[in-house]
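Taking it in order: structure first as structure tokens, then the write-up.
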Amino acid sequence: MFDFARQVVLVTGAAGNLGGAVAEAFRRAGARLILADRAPDRLPRLFPDLADSADHYLATSVDLTDENAVQAMVDEGLRRFGRIDVLVNAAGGYRGGTPLHETPPDAWDLMFSINARTVYIVSRAVVPAMLRQASGKIVNVSARAALQAGAKMGPYSAAKSAVVRLTEAMSAELKGAGIHVNCVMPSTIDTPENRESMPKADPNRWVTPEALADVILFLASDAARAMHGATVPVYGLS
């Protein structure tokens, strides 16, 4: 559907359910990939044929909350390919289960660290290269919970709300420089973990990672050239 030949795409959380689907979709569209994950072994296991490819870079053991580690990863990607055309901030995670007044500070910090700080740290490292190119696409991943929090999910909802605000701020700052910054806001994603944790729910009403990846590719494509600072709901049937 979309052609990303000769474009370099950085996907964070690329070994996760969504990140892996996004990486595979861009791969099919012809992109050269920079795939980042914290674990040392997951990316080579998921993408074994990319491990030794000169056209792709599997950035393993990268702590996306660590600015030095992220900068080193981005610098290596630029050394190999000379540019980064698309950044997809797909890294993130959920932890809930307690009322806010019973939530320990480390659980609060974790939600902001993996969902919002990662967007800030990785974007901070990539944007200077996009400014030099005078072009780029950034797609962040928020969640439907950013609009309305349910019980026992305050830190997660607040962190995903922060992702929306970061998207709007970056868009306002960068749209005049040829850089598009937008955001997707999925409802529950159909993953093995969500099926296990919600056995009575109907997963047919959820959003598949592949369907969400298609929306992300659209936002990273020239078809979305008029979109700046948008938060796109992707709810499926839920």
key: Donor-acceptor contact present, side-chain Ser123 to main-chain Tyr120, <3.5 Å   =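 The answer is no, because no donor-acceptor pair under 3.5 Å joins these two groups.
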query = Hey, does the side chain of Asn115 reach the backbone of Lys160 with a donor-acceptor pair shorter than 3.5 angstrom?
reply =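 It does not hold such a pair.
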Would [X] end up clustered with [Y] when hydrophobic side chains under 4.5 Å apart are linked, directly or stepwise?
X      : Y      : answer
Leu58  : Leu18  : yes
Leu219 : Val141 : yes
Ile138 : Phe218 : no
Leu87  : Val139 : no

ask   = For the residue pair Phe26 and Phe4, does the interplanar ring angle fall in the parallel (under 30°), tilted (30 to 60°) or perpendicular (over 60°) class?
value = perpendicular
query = Any side-chain hydrogen bond (donor to acceptor under 3.5 Å, both in side chains) pairs touching residues 70-81, not counting sequence neighbours?
reply =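 Of all non-adjacent pairs touching residues 70-81, those that pass side-chain hydrogen bond (donor to acceptor under 3.5 Å, both in side chains) are Gln71-Asp75, Glu76-Arg79, Glu76-Arg80.
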task = Just grab all the side-chain hydrogen bond (donor to acceptor under 3.5 Å, both in side chains) pairs involving residues 95-104, residues at least two apart or on different chains.
result = Thr98-Thr103
query = Is it true that Asp85 and Lys137 have a side-chain N and a carboxylate O under 4.0 angstrom from each other?
reply = no
note = Rounded to the nearest 0.5 angstrom, the CZ-CZ distance for Arg6 and Arg83 is 11.0 Å
task = With sequence neighbours excluded, tell me which residues meet salt bridge (charged side-chain N to carboxylate O under 4.0 Å, His left out) with Arg205.
result =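 Checked Arg205 against salt bridge (charged side-chain N to carboxylate O under 4.0 Å, His left out); zero matches.
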